2 protein chains.
Amino acid sequence: MPELHYPEIRALGLFSDMADAHFQSLMRGAYVQNFPPQIELIAEGEPSDFLHVVLSGSVDLFSTWNGRDTSLATVRPISTFILAATIRNAPYLMSARTLEKSRIVLIPSQDVRAIFDVDGIFARAIVTELARCYRAVIKSQKDLKLRTSLERLANYLLRQQKRAGGGASFELDVEKRRLASVLGMTPENLSRAFKGLRPYGVAVEGTRISIGDQADLERFARPNPLIDDFST
Amino acid sequence: MPELHYPEIRALGLFSDMADAHFQSLMRGAYVQNFPPQIELIAEGEPSDFLHVVLSGSVDLFSTWNGRDTSLATVRPISTFILAATIRNAPYLMSARTLEKSRIVLIPSQDVRAIFDVDGIFARAIVTELARCYRAVIKSQKDLKLRTSLERLANYLLRQQKRAGGGASFELDVEKRRLASVLGMTPENLSRAFKGLRPYGVAVEGTRISIGDQADLERFARPNPLIDDFST
DNA sequence: CGGCGCACTTGATATTTGTCAAGCCAGCAA
DNA sequence: TTGCTGGCTTGACAAATATCAAGTGCGCCG
């Protein structure tokens, strides 16, 4: 892999503190690849041969069963995915596909496990990352089980607004049909849910969302850090 | 804490390989407590002061939002809960209450973090445990998003049957209303779902379930290791 | 410029799920 | 025994959600 990318990978919390020799050794076996949009990177059920790091672009994690499918998460730069499968040397639970042109680092899983076994600092960094991911899924589980689809959408918009800088107007950065899947509903229902939020001051124009009355929307959505704050 | 309990705790994967001095040091600060049924052990949002280990009995992990509540998991001996919150030194995401008379070990979170920082073997054991938990939640997420309530119940019964030894007839070991909550439905709907499985040979008598035609039920449920096998 | 193609929207309808109220039944205490 | 309690079930109804079938609007390409 070109050393050019070392610094940005090294900057990830997962790799930032480990011994340099170990980092170099991981990188030696890794390689970078550019993928066009809509390429399936991994399929659920396959053995976890590589830990993936998204350098640019974005990746959809999804799953399929009995003819249905659902989006579980979106991975954005710079972060890793399928860490848990790599560590447990177990099959992938989710499939992954690029949403746009993406540059992705592939690190052989056996290298990751080997370094994990000898580098306590790396092991601890993995713990921190896994704990973060675990808590994120629990939050998402609570979102799904405790809220109606309208409430999920309202809270999603508030989160996205925050991510986009907090202004009254912002862009959705996912396709609506994917958003519907992430929120656990059909595209048709997402359309209706947007209309359902109109009484709370939400206006939609294509991918642009405007929140007319912040307080009103929040009164309806009741955002909660134990569900919506993905930083803890 | 009475040394009496040391061996059973030590036998947990989480603690089995760590340095003895570190284990002793963890145990010195820990204590065992007996709780009656229906006692709330922790409340979501509280700081994570203790890592909990269930020695006997069982514990319900649940969450509340806006007047609704849902069961997320049941913890059975011998295992730990809220490991992720302890590691991240973050607030609990779930509340916990005893379902029956239970004996529980409380290990101060700061001790766990301190040992975690100096014992690489312990850190690696935590990684393995967290990765397992993480994958379990992902599976549960897929179950919720990809299956109808009838399919969820059918697959739950097949899993429970396996846990109970695999016989055609077995006991439910949770209250039906809790089961309903775990499966993401109302108790009324669970009743109807049981009736809905009658055509596939499922008979219910109180807490006893009989599966008349294994193949028939499996043909309907379509169990999948990437959702239903909690061992990987 | 015209006409696809594709995502999204809309309306009508069916299905699923939740809610409310009542009844059933086993377990238990007086 | 009697009467109560609490969990479970049932039925009638309401609400939420999915499905199916058009329709709309926009970008893209010939």
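Here the structure is a predicted model, which means the values were calculated and not measured. Note on naming: letters A, B, ... go to the chains in the order of the sequence lines (proteins, then strands), and numbering restarts at 1 for each one.
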Ionic contact status for [Y] with [X], cut-off 4.0 Å:
X	Y	result
B:Glu44	A:Lys142	yes
B:Lys162	B:Asp228	no
A:Glu8	A:Arg103	no

What is the distance, to the nearest angstrom, from the CZ atom on B:Phe194 to the C1' atom on D:dC8?
11 Å
Please verify the inter-ring angle class for B:Phe50 with B:Tyr31; under 30° counts as parallel, over 60° as perpendicular, anything in between as tilted.
perpendicular
A:His52 and A:Phe81 aromatic ring geometry - parallel, tilted or perpendicular at 30°/60° bounds:
tilted
Please list, by residue number, the residues of residues 167-182 of chain A whose heavy atoms come closer than 4.0 Å to an atom of DNA chain C; answer none if no residue qualifies.
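When residues 167-182 of chain A is checked for heavy atoms under 4.0 Å from DNA chain C, the hits, listed by number, are A:Glu175, A:Lys176, A:Arg177.
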Could you tell me from which nucleotide to which nucleotide of DNA chain C, 5' to 3', there is an atom under 4.0 Å from chain A heavy atoms?
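Going 5' to 3' along DNA chain C, contacts run C:dA7 to C:dA12.
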Establish, for the pair B:Arg147 and A:Trp65, whether the NZ or CZ atom is under 6.0 angstrom from the six-membered ring centre and no further than 45 degrees off its axis.
yes
Is it the case that A:Ser169 and A:Arg208 place a side-chain donor and acceptor less than 3.5 Å from each other?
yes
Quick one: what's the B/S/- string for nucleotides 12-29 of chain D, heavy-atom cutoff under 4.0 Å, read 5' to 3'?
B----SBBB---------
Nearest 0.5 Å, what's the CG-CD distance between B:Leu41 and B:Glu46?
10.5 Å
Heavy-atom check, side chain of A:Pro187 versus side chain of A:Lys176, under 4.5 Å:
no
When you compare the side chain of B:Leu197 with that of B:Leu157, does any pair of heavy atoms fall below 4.5 Å?
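Yes, close enough: below the 4.5 Å cut-off.
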